[in-house]
Q: 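My questions will all concern the structure given below.
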Amino acid sequence: MKSNILVVDDEQDIRELVSELLETQGYRAITASDGLDALDKMGSENFDLYIIDMSMPKMDGMALLREIKKIQPLAVVIVLTGYSSIEGAVEAIHSGAYQYISKPIKSSELFDLVKKALEYSTELYGPLQKVIGTDSFTLTPTGPTILLGFSAEERAEFYSLGRVKEFQSGDIITLSDQKDGSIIIIESGEISVWMSNSNFDYLKKFDTWGEENIILESSMPVNLRAESPVTLRVFERKRILDFFSFKGEILLKRFIINISSSVFLKWRKAVQRIVMLKLVTHSE
């Protein structure tokens with residue numbers, strides 16, 4: 001079966017050149033003129049590899065990379081860049097891109113990189129998926145996973161424990177004032193999660209962060225950054241434990257089970273991204 005490759009570039013000559021070169025090697029190449037066009041095509045087809053330009057109108061390469069990773073966390077992406085944009089290409093790799101190729105494009109370099117990227121994609125989707133599983137990571141759309149099985153009254157009581165905080169796009173979200181740890185629930189907006197300058201997750205409405213604090217009283221060192229205006233609710237660990245000591249053991253057990261499920265889902269997503277970044281680093 002032919003590998004399916006999506007080529008995204010706002011310059012018609014470039015995308016046609018790349019697609020024609022790929023087709024001479026037996027690949028099936030689909031083209032998109034910008035990021036929005038690419039996302040539209042992703043809605044109707046599956047791709048084994050993405051080749052995207054860093055500088056495009058409407059949606060630049062970094063924004064498109066983030067959207068691709070939300071839809072397909074294990075997507076293998078090659079970025080196209082001019083010599084003046086190498087710094088941006090390095091940033092893209094830290095955000096999950098496989099590698100970059102500079103313009104003007106040399107056919108031998110393109111063929112070699114595409115071959116390695118597709119081999120990497122096969123390796124990643126094969127053994128790694130057997131360990132991680134192939135099911136969707138979509139969480140409950142009507143409410144946070146950690147509150148599954150709660151009555152409307154119990155959810156309202158739990159929500160009353162939290163403090164509402166707002167952040168603007170680009171703000172670093174710090175919760176260090178809570179010495180004993182805390183859980184956050186995102187009420188609106190989008191947050192990116194970073195570790196060692198690498199982006200490995202995104203949080204949106206009803207997603208949560210810090211669940212392990214209930215069990216461990218501490219979490220792994222990460223940075224959270226608002227990617228849009230964000231409203232979230234912060235729950236202090238002590239107040240949560242006091243709440244469940246009053247509500248009783250049955251509801252507490254349900255909460256712990258929900259926390260375990262939520263943490264496990266996020267662990268699997270994190271493994272995908274971290275393994276991908278480590279393999280890219282080791283291949284350089």
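Positions are given from 1, in the same order as the sequence printed here. Heavy atoms only: backbone and side chains are in, while hydrogens, waters and symmetry mates are out.
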Q: Give me the atom names and distance for the closest heavy-atom approach of M54 to D60.
A: O-CB, 3.6 Å

Q: Around E45, counting heavy atoms of other residues, nucleotides and ligands shown, do more than 12 lie under 6.0 Å from its CD?
A: yes

Q: Look up atom CG in D171 and atom CZ in R225, then write down how far apart they are to the nearest 0.5 Å.
A: 11.0 Å

Q: Would you please name every residue forming a salt bridge (Lys or Arg N to Asp or Glu O under 4.0 Å) with E154, sequence neighbours left out?
A: none

Q: State which residue, out of K70, R66, K204, fulfils the side-chain hydrogen bond (donor to acceptor under 3.5 Å, both in side chains) condition with E190.
A: K70

Q: I need the minimum non-hydrogen distance between P57 and D34, along with the two atoms involved.
A: O-CB, 4.1 Å

Q: As a test of understanding, state which of L232, I184, V234 forms a side-chain contact (heavy atoms from CB on, under 4.5 Å) with R163.
A: V234

Q: Under 30°, 30 to 60°, or over 60°: which ring-plane class applies to F235 and Y159, parallel, tilted or perpendicular?
A: perpendicular

Q: Is it the case that one hydrophobic cluster holds both I71 and L64, taking links as side-chain heavy atoms less than 4.5 Å apart, direct or via other members?
A: yes

Q: To the nearest 0.5 Å, how far apart are CG in L203 and CD in E227?
A: 10.5 Å

Q: Kindly give the heavy-atom pair with the smallest separation between F255 and I240, and that separation in Å.
A: CE2-CG2, 3.9 Å

Q: How far apart are the closest heavy atoms of A38 and V8, and which atoms are they?
A: CB-CG2, 3.7 Å

Q: Under a 3.5 Å distance rule, please check whether D9 uses its side chain to pair with a backbone N or O of D53 as donor and acceptor.
A: no

Q: Before we go on, tell me: are the rings of F246 and F243 under 6.0 Å apart, centre to centre?
A: no

Q: Working to the nearest 0.5 Å, report the span between CD of E236 and CG of D242.
A: 10.0 Å

Q: Using the side-chain contact (heavy atoms from CB on, under 4.5 Å) definition, which of the options E249, K253, K247 pairs with L251?
A: K247

Q: Identify the two heavy atoms, one from L21 and one from S107, that lie closest to each other, and give their separation to 0.1 Å.
A: CD2-CB, 4.0 Å

Q: Quick one: side chain to side chain contact (heavy atoms under 4.5 Å, CB included) partners of E23, sequence neighbours excluded?
A: A29

Q: Looking at every heavy atom in both R239 and L161, which two are closest together, and how far apart are they?
A: NH1-O, 3.0 Å

Q: Return the set of residues passing side chain to side chain contact (heavy atoms under 4.5 Å, CB included) with T231 (not counting sequence neighbours), or none when no residue passes.
A: V164, E166, E187, S188

Q: Atom CG in L80, atom CE in M56: separation rounded to 0.5 Å?
A: 9.0 Å

Q: Is there a path of hydrophobic side-chain contacts, each under 4.5 Å between heavy atoms, that joins I172 and Y202?
A: no

Q: Under the criterion side-chain hydrogen bond (donor to acceptor under 3.5 Å, both in side chains), I'd like the reasoning laid out for T208 against E211: C-alpha separation, chi angles, the key distance, then a yes or no.
A: CA-CA 7 Å; T208 54; E211 298 95 317; 2.4 Å; yes

Q: Should the ring pair F158 and F150 be called parallel, tilted or perpendicular, given that the plane angle runs from 0 to 90° and is split at 30 and 60?
A: perpendicular

